[in-house]
Asker: 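Can you keep this structure in mind? I'll have questions shortly.
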Amino acid sequence: MGTRATLMTQFTQRLTDQLAGEGFAPVSPLDGEGEAEPGTRSPAWRRVWFAAADSGVPRMTSGVMAHVDRGDRGGIRIGGRAFIVAEIVEEVLEACQNLDCNVGAFSGGEIDSIPFGYFDDPLDASRKISLSHEVDLDYAVNQFMRFVRGPVARWFEQRSSVDKLSALARDSHPMDFDKVNPEPMRLRATVILSVLTGRVEGAASLMGWYLGRSQFHAWDSLEQAAAFDVALGQRFPDYARARGR
């Protein structure tokens, strides 16, 4: 086993132990993609996922992902990302698309995510932790955990209830090129979660506000948003009634 492969394995093992102490457990990829570079016995990158014990929102998962890849001079680089996801959101979006082909090509269960690097430098969120020698393993793990225990924990807390998600859904995403309009997938996911958790009036209010806007994100349009609104009402009669239909 080569030096990089050894470092990848040792880092992952130590990180797993540290995250367990914070209530995170290993899980399959929350984005449904691979855990390592395919087609090779010595992958250039690996991804490991961990889910928190409780996101604060029913049917939603809070998790972190460590992306480990080849660095310079035989070392490795580690990047982190925080996610909130809900498989049920993906299921509802697919059902809405089956009801109306004009609802837009929104799919997946990801509600929100942020790279760890953003918390140190919003203008260069691609920064990673470098690791070249086994003696520095604890330092690299501690740097990753510094994010988990600090800014990532606060980021999760800001998304730990449907009410908090609903407030954020009205804003643009800090990592988005569009600094004015709400991110359309995050807004749709929040509306769906609101309906599923019994906050139908809140879901209707949020969607009504969105449809009343004069402009939309480049990935969205009034026509697509209105079609989603109607399809969601067909799927959930209580939501249709709250929307006045």
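Sequence positions, counted from 1, serve as the residue numbers for this chain.
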Asker: In terms of side-chain heavy atoms, does Gln224 have a donor or acceptor partner in Arg188 at a distance below 3.5 Å?
Answerer: no
Asker: Say whether Asp176 and His217, considering side chains only, have a donor N or O and an acceptor N or O under 3.5 Å apart.
Answerer: yes
Asker: Closest heavy-atom contact between Met65 and Phe144?
Answerer: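 Shortest heavy-atom separation between Met65 and Phe144 comes out as O-CZ, 4.0 Å.
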Asker: Are Arg77 and Ser130 linked by a side-chain donor-acceptor pair shorter than 3.5 Å?
Answerer: no
Asker: Please name the pair of heavy atoms, one in Thr16 and one in Pro26, separated by the smallest distance, quoted to 0.1 Å.
Answerer: CG2-CG, 3.9 Å
Asker: Only pairs under 3.5 Å count here: list side-chain donor-acceptor contacts from residues 232-245, not counting sequence neighbours, and write none if there are none.
Answerer:
{"from": "Asp238", "atom 1": "OD1", "to": "Arg241", "atom 2": "NH2", "distance (Å)": "2.0"}
{"from": "Tyr239", "atom 1": "OH", "to": "Asp229", "atom 2": "OD1", "distance (Å)": "2.5"}
{"from": "Arg243", "atom 1": "NE", "to": "Asp229", "atom 2": "OD1", "distance (Å)": "3.0"}
{"from": "Arg243", "atom 1": "NE", "to": "Asp229", "atom 2": "OD2", "distance (Å)": "3.4"}
{"from": "Arg243", "atom 1": "NH2", "to": "Asp229", "atom 2": "OD2", "distance (Å)": "3.2"}
{"from": "Arg245", "atom 1": "NH1", "to": "Asp229", "atom 2": "OD2", "distance (Å)": "3.0"}
{"from": "Arg245", "atom 1": "NH2", "to": "Asp229", "atom 2": "O", "distance (Å)": "3.0"}

Asker: My understanding is that only one of Arg4, Lys128, Arg47, Arg46 makes a salt bridge (charged side-chain N to carboxylate O under 4.0 Å, His left out) with Asp69; could you say which?
Answerer: Lys128
Asker: Kindly assign one of parallel, tilted or perpendicular to the pair Phe147 and Phe116, based on the angle between their ring planes and the thresholds 30° and 60°.
Answerer: tilted
Asker: So which heavy atom on Leu30 is nearest to which on Gly63, and how close?
Answerer: CD1-CA, 4.2 Å
Asker: Apply salt bridge (charged side-chain N to carboxylate O under 4.0 Å, His left out) to the pair Glu157 and Lys164, showing each step before the final yes or no.
Answerer: CA-CA 9 Å; Glu157 173 57 29; Lys164 291 177 181 179; 2.6 Å; yes
Asker: Could you walk me through whether Asp112 and Trp155 satisfy the side chain to side chain contact (heavy atoms under 4.5 Å, CB included) test, starting with their C-alpha distance in whole Å, then the side-chain angles of each, then the deciding distance to 0.1 Å, before giving a yes or no?
Answerer: CA-CA 10 Å; Asp112 206 350; Trp155 189 85; 3.7 Å; yes
Asker: Report the C-alpha distance between Glu22 and Arg149 in whole Å, list the side-chain angles of each, state the deciding distance to 0.1 Å, and finish with yes or no for side chain to side chain contact (heavy atoms under 4.5 Å, CB included).
Answerer: CA-CA 8 Å; Glu22 301 296 326; Arg149 295 182 177 119; 2.9 Å; yes
Asker: Taking the side chain as every heavy atom from C-beta outward, state whether Arg146 and Asp120 have any atom pair closer than 4.5 Å.
Answerer: yes
Asker: Which heavy-atom pair separates Leu187 from Ala169 by the least distance, and what is that distance?
Answerer: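 Closest approach of Leu187 to Ala169, heavy atoms only: CD1-O, 3.7 Å.
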Asker: Show your reasoning for whether side chain to side chain contact (heavy atoms under 4.5 Å, CB included) applies to Glu35 and Val48.
Answerer: CA-CA 7 Å; Glu35 296 179 285; Val48 287; over 6 Å; no
Asker: Quick one: CZ on Arg199 to OG1 on Thr190, what's the gap to the nearest 0.5 Å?
Answerer: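 The distance works out to 12.0 Å.
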Asker: Which heavy-atom pair separates Ile114 from Pro174 by the least distance, and what is that distance?
Answerer: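 Looks like CD1-CG, 4.3 Å.
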Asker: Short question: side chain of Ser62, backbone of Ala52 - any donor-acceptor pair under 3.5 Å?
Answerer: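 Looks like no, no N/O pair under 3.5 Å.
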Asker: Which pair of non-hydrogen atoms, one from Ile88 and one from Leu193, has the smallest distance, and what is that distance?
Answerer: CG2-CD2, 4.5 Å
Asker: Hey, does the side chain of Asp178 reach the backbone of Asn181 with a donor-acceptor pair shorter than 3.5 angstrom?
Answerer: yes
Asker: Think Arg170 forms a cation-pi with Trp209, using NZ or CZ under 6.0 Å from the six-ring centre and within 45 degrees of its axis?
Answerer: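 Output yes; distance and angle both within limits.
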Asker: Would you say Tyr210 and Asp220 are linked by a side-chain donor-acceptor pair, where the criterion is simply a distance under 3.5 Å?
Answerer: yes
Asker: Would you confirm whether His173, through its side chain, and Met175, through its main-chain N or O, come within 3.5 Å as a donor-acceptor pair?
Answerer: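 Side chain of His173 to backbone of Met175, a donor-acceptor pair under 3.5 Å: yes, one is there.
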Asker: Mark yes or no for whether Ser205, through its side chain, and Glu201, through its backbone, hold a donor-acceptor pair below 3.5 Å.
Answerer: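 No, Ser205 side chain to Glu201 backbone: no donor-acceptor pair under 3.5 Å.
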Asker: Would you give the length of the straight line joining atom CZ of Phe228 to atom SG of Cys96, rounded to the nearest 0.5 angstrom?
Answerer: 5.5 Å
Asker: Is Arg159 reaching over with its side chain to a backbone N or O of Arg154, donor-acceptor style, under 3.5 angstrom?
Answerer: no
Asker: Please work out whether the ring planes of Phe24 and Phe156 are parallel, tilted or perpendicular, with thresholds of 30° and 60°.
Answerer: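 Tilted.
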